[in-house]
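Report on one structure; see the data block that follows.
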Amino acid sequence: MADCSMAHSVEHTLALPHGLIAWDALGAHDAGVTMVLLHGFPHDRGLWTSQAQALTTAFPDTRLLIPDLPGFGRSTPPTESTMDAYADTIAALLDAAGATTVVIGGLSMGGYIALAFWRRHSARVRALVLMDTKATADSAPARARRVELIEAIQREGFGPSVPSLIPGQLGRTTRETHPALVERVEIMLRRAPEQGVICAATAMMLRVDSTPTLDTITVPTLVIVGDEDALTPVSDAIAMSSAIRGSRLVTISAAGHLSPLESPDVVNAAIGEFLDVAVRSA
């Protein structure tokens, strides 16, 4: 179970053909904006604790839906390891939650799912928030690293691979000055179910290049990136933002790949302003 400690949250579950998906719902059902937050790899909904706790101050009149993606937290692994399948699961969640149009926010792998969701369910997207992610497909070396990770998990489990992932997850400043946060992220990674990690790594390895998708995006879009993000660096964020008409780009100082966790106040303020200026007023 994700370690969220969310005030006034209610956990929901939905039985789908592949199994269970679980999510937290916060805020009034009739709030002016519903926002879905999709975590990255290999996280769970605990990634968004700071956003959930800031709901009433940073995101007033907003309903948050925060799922464990299939294979993580309390959600069952998918039977089809593709970004399209993850996106369709989120669409089923929205049906169950009674949410017609939403702001889709995704970090890293969650951003890949957000772009797939746009391709498959664009009528349901009110706006996009793309955080520490990129549009391009995996390079050949990246695919090779994912194969190595999958093979390592199959041989010895996921635990031995976790320490090597931390430098990519967190920025240098965080690793040097916030040991408690480093430990928290390591705990989150270690509780990731092995089958969920394998499915997600497979889906990322096989995902299509979403670069052509960017030109089709017609909803307000916010791109956020930590300036110390080594996995999806600022250059990737600039490329995405430049290709999405009218998008906004916010760079977070002294943050790495998990900017909403490393610098929550700044990220929350950026998202809150975006919702007020670009979404509610649209």
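It should be emphasised that the depicted structure is a prediction, and the values quoted were computed from it without experimental measurement. Residue numbers run from 1 in the order of the sequence given.
The residue from W48, F72, W23, Y86 that alone fulfils the ring pair (Phe, Tyr, Trp, His ring centres under 6.0 Å) condition with H39 is F72.
Side-chain contact of D88 with H121: a donor-acceptor pair under 3.5 Å is present, judged by distance alone. Checked by atom type, the side-chain pair T211/T136 shows no donor-acceptor distance below 3.5 Å. Donor-acceptor pairing under 3.5 Å is recorded for the side chains of R119 and S210. Side-chain contact check for H257 and D229: at least one donor-acceptor pair (N or O, by modelled atom type) lies under 3.5 Å. Between S259 and D132, the side chains place a donor N or O and an acceptor N or O closer than 3.5 Å (distance only, hydrogens not considered).
In this structure T133 satisfies the side chain to side chain donor-acceptor pair (under 3.5 Å) test with no other residue, sequence neighbours excluded. Applying the ring-ring contact (aromatic ring centres under 6.0 Å, His included) test to H18 and every residue at least two apart in sequence or in another chain returns nothing. Qualifying ring-ring contact (aromatic ring centres under 6.0 Å, His included) partners for F41, counting only residues two or more places apart in sequence or in other chains: none.
Taking 4.5 Å as the limit, some side-chain heavy atom of I224 sits within range of a side-chain heavy atom of I271. Looking only at side-chain heavy atoms (C-beta outward), R63 and D30 stay at 4.5 Å or farther from each other. Residues R45 and P67 form no side-chain contact, since every pair of their non-hydrogen atoms from C-beta on lies 4.5 Å or further apart. Within the 4.5 Å cutoff, side-chain heavy atoms of L261 are placed close to those of L181. Side-chain contact check for L165 versus L189: some heavy-atom pair is nearer than 4.5 Å. Put simply, the side chain of S263 reaches to within 4.5 Å of the side chain of V266, judged on heavy atoms. Side-chain contact check for V225 versus P233: every heavy-atom pair is 4.5 Å or farther apart. Counting only heavy atoms from C-beta outward, the side chains of I166 and V182 approach each other to under 4.5 Å.
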Given L275 and T62, is the side-chain contact (heavy atoms from CB on, under 4.5 Å) satisfied, shown in steps? CA-CA 9 Å; L275 295 179; T62 301; 4.0 Å; yes
Please evaluate residues L130 and I244 with respect to the criterion side-chain contact (heavy atoms from CB on, under 4.5 Å), reporting the C-alpha separation (whole Å), side-chain torsions for both, the decisive distance (0.1 Å), and the verdict. CA-CA 11 Å; L130 303 173; I244 302 173; 4.1 Å; yes
Would you sort out whether Q169 and H43 count as a side-chain contact (heavy atoms from CB on, under 4.5 Å), showing the intermediate values? CA-CA 10 Å; Q169 295 281 306; H43 314 134; 2.6 Å; yes
Can L69 and L38 be said to form a side-chain contact (heavy atoms from CB on, under 4.5 Å), step by step? CA-CA 7 Å; L69 291 174; L38 307 178; 4.1 Å; yes
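Note on L14: it clusters hydrophobically with L37, by side-chain heavy-atom contacts below 4.5 Å among ILVMFWY residues. Hydrophobic clustering, with ILVMFWY side chains joined whenever heavy atoms are under 4.5 angstrom apart, keeps L231 apart from I252. The cluster map of Ile, Leu, Val, Met, Phe, Trp and Tyr, joined by side-chain heavy atoms under 4.5 Å apart, puts I238 and F274 in the same cluster. Taken together through direct or relayed side-chain contacts under 4.5 Å among Ile, Leu, Val, Met, Phe, Trp and Tyr, L249 and I217 form part of one hydrophobic cluster.
Between S50 and P264, the closest heavy-atom pair is CB-CB, 3.4 Å. Residues A116 and D84 share a closest heavy-atom pair of CB-OD1, 3.8 Å. Taking each heavy atom of A54 and N268 in turn, the nearest pair found is CB-ND2, 3.5 Å. Annotation for L214 and M240: closest pair CD1-CA, 3.8 Å, computed over non-hydrogen atoms. Across all non-hydrogen atoms, the minimal contact from A135 to D209 is O-OD1, 3.4 Å. Of all heavy-atom pairs spanning D68 and I21, the tightest one is O-CG1, 3.8 Å.
Among residue pairs with one or both ends in residues 89-105, those qualifying as side chain to side chain donor-acceptor pair (under 3.5 Å) are D95-R124; sequence neighbours excluded. For residues 269-278, the set of pairs meeting the side chain to side chain donor-acceptor pair (under 3.5 Å) definition, not counting sequence neighbours, comprises D276-R280.
With salt bridges taken as basic N to acidic carboxylate O contacts below 4.0 Å, none links D44 and R74.
Distance alone, capped at 3.5 Å, places no donor-acceptor pair between the Q195 side chain and the P77 backbone. Within the 3.5 Å criterion, the main-chain N or O of I198 finds a donor-acceptor partner in the side chain of T202. E262 places a side-chain N or O within donor-acceptor distance of the main-chain N or O of L258, the cut-off being under 3.5 Å.
Within the model, atoms CE of M204 and CD1 of I113 stand 9.0 Å from one another, a figure rounded to the nearest 0.5 Å. With rounding to the nearest 0.5 Å, the separation of CG in L26 from CG in L64 is 5.5 Å.
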List the atom pairs, with distances to 0.1 Å, where a side-chain N or O of residues 149-162 and a protein N or O form a donor-acceptor pair under 3.5 Å, not counting sequence neighbours.
none

